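Beneath this line is the structure, given in structure tokens, with notes to follow.
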Amino acid sequence: MFSEGNVLNRTTALPRLAWAGIAFVGTLLPISSFADDQDVRDYRSHIMKTMGEQFAALNQISKGKVPAADVATQAEVLRITAGVAKVAFTPKVLGGEAKPEVWDKWDDFSKRLDELVAAATDVSKAAKQGGVAAVTPKLSSLSCKGCHDVYRVQKK
Amino acid sequence: MIRASKAAAVGIILGVTMLLPMVGHTDDKDVVDYRQHIMKSLEHQTAVLGQILSGAGPAENTLAHMETLALTASVALKSFEAKVPGGAAKPEVWKDWADFSKRMKEFAEKSAEMAKVGREQGVDQAAMLVIEALPCKGCHDVYRDEKKI
């Protein structure tokens, strides 16, 4: 999927096409288009960090510390971000804080990502319908830690 | 909650027009943390969109990132409404509130427009709007203390 040919294609053609406004997405390059391994690590790290900030914001909201009116927006951002996480981990690129088990046990890892998406969708729906009160009991269902315990290198 | 409603009650008794809805704001650290979570989320979302637009990220996620940027921008202004100096925010945020809030509103509007164009006309069209939709540096140059970052 991430062949050398694609790499060349991506690094040269895509940026110019993108800025020229020529239709390229989904036609020219239907699949992910990371230019190199570090891009893959950077990308998934940014995705996880986005979720980290969103989760922290939701926690603050659920504790009544910051505006409750934001809950649906913050939950929706988390839902959308969770939804793109699989693309971020699909290329098998070791490093960062990801353990090799991510790819050795891809079926389980990817199932957990699906569960994350389902839980985040549920939280977002609850936020829209029931506000903070509906979200608070569901935050633990996001099971961030459950996956990190198995698949993320614990920093000392 | 109790403190918030007390504050509201005091506001009513004193006949003070509450400029800023303080609901749920408990202490200053929370206020600063919260707006920083929003800003840091924006930073990571911008980074991935930048990767994609420079050919170093998965193009199929472009619209998703535009959508989250627009959503996050839509709550950014409110996170500064409580006048709590601190973090890297310069006092000018509140001294020049009219200008600051105008910039935040424009940020929210233009990023929403980018996401809408992405949805309706495709992300290649929306990509043309990215620079205008993300006026991060223009605001930081004026309102963020770079020494405190």
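In this text the structure is predicted, and so the values were computed from the model without any measurement. Reminder, nothing fancy here: chain letters follow the sequence lines and each chain counts from 1. Just so it is clear, the values below take in all heavy atoms, side chains as well, and ignore hydrogens, waters and symmetry mates.
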In terms of heavy-atom proximity below 4.5 Å to chain A, should B:Ser74 be classed as side chain, backbone, both, or neither?
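It is the side chain, since no backbone atom gets that close.
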Okay, B:Ile38 and chain A: the region with an atom under 4.5 Å from a heavy atom over there is side chain
Output yes when a side-chain donor or acceptor of A:Gln60 lies under 3.5 Å from a complementary backbone atom of B:Asp30, and no otherwise.
yes
Examine distances only and state if a side-chain atom of B:Gln45 and a backbone atom of A:Thr50 form a donor-acceptor pair shorter than 3.5 Å.
no
May I ask you to test the B:Thr68-A:Leu78 pair for a side-chain heavy-atom distance under 4.5 Å?
no
Is the closest side-chain heavy-atom distance between A:Val84 and B:His65 below 4.5 Å?
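Of all side-chain heavy-atom pairs linking B:His65 with A:Val84, at least one is under 4.5 Å.
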Taking the ring of A:Phe55 and the ring of B:His37, is the distance between their centroids below 6.0 Å?
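B:His37 vs A:Phe55: aromatic centres not under 6.0 Å.
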Considering only heavy atoms, which portion of [X] lies under 4.5 Å from any heavy atom of chain B: side chain, backbone, both, or neither?
X       : answer
A:Ile61 : side chain
A:Gln38 : neither
A:Ala88 : neither

For [X] and [Y], work out which heavy atoms get closest and say how close.
X       : Y       : answer
B:Ala56 : A:Phe34 : O-CD2, 3.6 Å
A:Gln74 : B:Val75 : NE2-CG2, 3.8 Å
A:Ser33 : B:Gly57 : OG-O, 2.6 Å

Indicate the ring-plane relationship of B:His44 and A:His46, choosing parallel, tilted or perpendicular according to the 30° and 60° boundaries.
tilted
Establish, from distance only, whether the side-chain atoms of A:Gln54 and B:Ser41 form a donor-acceptor pair under 3.5 Å.
yes
Positive for side-chain contact (heavy atoms from CB on, under 4.5 Å) with B:Lys78, one of A:Val66, A:Asp70, A:Thr73
A:Asp70
Indicate if B:Leu49 and A:Ile80 have the same hydrophobic cluster label, given that clusters are the connected sets of ILVMFWY residues with side-chain heavy-atom separations under 4.5 angstrom.
no
